[in-house]
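Below is one structure, written out as structure tokens; comments come after it.
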Number of protein chains: 2
Amino acid sequence: MTARPIPEATVARLPVYLRVLVDLAGDGVETVSSEELAELAGVNAAKVRKDLSHLGSYGTRGVGYDVARLRLQMSRALGLVHTWPVVIAGFGNIGRALAKHEGFRERGFPVVAAFDVDPDLVGSTVEGVPVHHPDELTAVVAETGAAIGVIATPAAAAQQAADQFVAAGVRALLNFAPTVLTVPPEVSLRAVDLVVELQILGFHLAQTSEGARRGRRSAS
Amino acid sequence: MTARPIPEATVARLPVYLRVLVDLAGDGVETVSSEELAELAGVNAAKVRKDLSHLGSYGTRGVGYDVARLRLQMSRALGLVHTWPVVIAGFGNIGRALAKHEGFRERGFPVVAAFDVDPDLVGSTVEGVPVHHPDELTAVVAETGAAIGVIATPAAAAQQAADQFVAAGVRALLNFAPTVLTVPPEVSLRAVDLVVELQILGFHLAQTSEGARRGRRSAS
DNA sequence: TAGTGTGAATTTCTTCACAGCG
DNA sequence: CGCTGTGAAGAAATTCACACTA
């Protein structure tokens, strides 16, 4: 009776655990404790155990977790038994960098096509990735069986790209454009906004330098 | 008596509100309600009001928020009264894409230098960004007054880059390398891992296609 | 005995709902 | 009257602490 709903916070950490497990397996390690795994994943041991318990009971009391077994279960949970073809909308600096990025293919996310409005790019092939005009998006998604759409267009074009992906049946989107997208609830959407990340860091810089200038907080 | 500790969850949303406010100001809008702002930022109105209340009382009951005033307060909270110079360690696909990215300079985060071990790159200047050898990191950080370090090296070199940045006095890091970094508590660290993002999407794809295959969950 | 798995306590975040002000 | 600002309720995530077992 595996009552499934794995918490989102846990889901977001599973890929990190998986990466650590792959590294450990590569080093020939056969067993890890929650403590060791926590150290390597940058979290605490209680969280590791709680997270892993959502996948089932794959540990052995007094011993730890079998690396190979846990890795397999984790891969399965993350859907990595499949390969998920990725298509990229917008072939500017970021889109191109992603297309060239080897890590994606290696980890089961081959970039199979890209789209751009630039006539100089359309029809060309960059690092094995063919660049199409956005008009062909629906057809190319169908042909390639693309599962994930990456949006790397300018902000002004991002919602339209998202709409096209959704209309073409893509149910997972990764948005790099600096704008909020609206998609139907059955579509998974994640956003990576580089300027937002820098501004969050800026907030902390401002806080601490302000604190330094003005003196420490009052002790309670 | 402004008891400051703004919740992290709120801090992460402030940049999104700011972007919306800048857009609104550009459109000549002078006032927004929490409802409108919520719609544009992709959250709900109660959250907007609670978030903004942490900055102070900058709204007018019955009317809404003054766009210009709120924008100013938000910029101040995010430390955007300063410009924060950025340096990039690792000048591969991602590092280069970041260096070329116009949005950073425009929004107060000029990329002032990059580092790479590749002898063909060292000494060159790409899009106005000089590329140095990592040995010069401390000196260049001091000269440029860099406030934020971006790590775009291979995973194996990332911790060393982080250590060098920290030793040079950089107190904010943005890590793109697929590995967990350890830094002292006074250093702010954020991580962007593209493969992790794809794997999270993969999880949801696996869930929903599994659900579709196996039928709906039991009600109750 | 060492370390998992998990209820319970705690903290953090979100949402509700409404008093109060312009 | 309309909308903010906020206590209070609720939900989610984290952490504690320990019974249990390989």
Side-chain angles (χ1 to χ4, degrees), chain A residues 1-17 20-21 24 29-71 73-74 77 185 200 203-204 220, chain B residues 1-17 20-21 24 29-71 73-74 77 185 200 203:
Chain A
M1 198 194 292
T2 16
R4 207 65 41 74
I6 301 182
E8 265 305 303
T10 294
V11 172
R13 283 186 295 266
L14 295 182
V16 178
Y17 299 142
V20 170
L21 290 170
L24 288 172
V29 176
E30 294 184 354
T31 301
V32 254
S33 66
S34 58
E35 193 105 33
E36 293 162 335
L37 192 43
E39 166 73 19
L40 294 167
V43 299
N44 70 43
K47 204 182 274 178
V48 168
R49 291 200 298 277
K50 184 72 85 175
D51 284 343
L52 298 188
S53 75
H54 290 294
L55 301 181
S57 285
Y58 299 119
T60 306
R61 290 168 200 242
V63 178
Y65 300 88
D66 180 279
V67 172
R69 181 139 175 265
L70 189 55
R71 176 186 174 180
Q73 294 305 328
M74 192 93 63
I200 293 170
F203 172 87
H204 293 294
S220 68
Chain B
M1 197 194 293
T2 14
R4 208 62 42 73
I6 300 183
E8 265 306 303
T10 294
V11 172
R13 283 187 294 265
L14 295 183
V16 178
Y17 299 143
V20 170
L21 290 169
L24 288 173
V29 176
E30 293 184 355
T31 302
V32 254
S33 66
S34 59
E35 192 104 33
E36 293 163 334
L37 192 43
E39 165 74 18
L40 294 167
V43 301
N44 71 42
K47 204 181 274 176
V48 168
R49 291 199 299 276
K50 183 74 82 175
D51 284 342
L52 298 189
S53 75
H54 290 293
L55 301 182
S57 285
Y58 298 121
T60 306
R61 290 168 200 243
V63 178
Y65 300 88
D66 181 279
V67 172
R69 182 140 175 265
L70 189 55
R71 176 186 173 178
Q73 293 306 328
M74 192 93 61
I200 293 170
F203 171 86

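Chain letters run A, B, ... following the sequence lines, proteins first, then strands; residues in each count from 1. Given the structure is predicted, the values throughout are model-derived calculations rather than measurements.
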Any Arg13(B) side-chain nitrogen or oxygen under 4.0 Å from OP1 or OP2 of dT14(C): yes
Heavy-atom neighbours of Gln73(A) CD exceed 12 at 6.0 Å: yes
Interatomic distance, Leu70(B) atom CG to Tyr17(B) atom OH [nearest 0.5 angstrom]: 10.5 Å
Sole candidate of Val32(B), Leu37(B), Val20(B) that passes side chain to side chain contact (heavy atoms under 4.5 Å, CB included) when paired with Val48(B): Leu37(B)
Atom pair distance, as rounded to whole Å: CD1 in Ile6(B) and P in dT12(C): 15 Å
Test side-chain contact (heavy atoms from CB on, under 4.5 Å) applied to Leu40(A) and Leu24(A), step by step: CA-CA 10 Å; Leu40(A) 294 167; Leu24(A) 288 172; 3.9 Å; yes
5′-ward residue of the pair Gly64(B)/Asp51(A) relative to DNA chain D: Gly64(B)
Nucleotide dT4(C), atom C1' - distance to CZ of Arg61(A) in whole Å: 5 Å
Stretch residues 36-45 of chain A: residues that reach within less than 4.0 Å of DNA chain D through a heavy atom: Asn44(A)
Short side-chain N/O contact from Ser33(A) to OP1 or OP2 of dG3(C), under 4.0 Å: no
Chain A contact limits on DNA chain D, taken 5' to 3' with a cut-off of 4.0 angstrom to heavy atoms: dA13(D) to dA22(D)
DNA chain D: 5'-proximal contact among Val63(A) and Glu8(A) (nearest heavy atom): Glu8(A)
Pairwise distance OH(Tyr65(A)) to CG(Leu55(A)) - rounded to 0.5 angstrom: 9.5 Å
N or O in side chain of Tyr65(A) less than 4.0 angstrom from dG5(C) OP1/OP2: yes
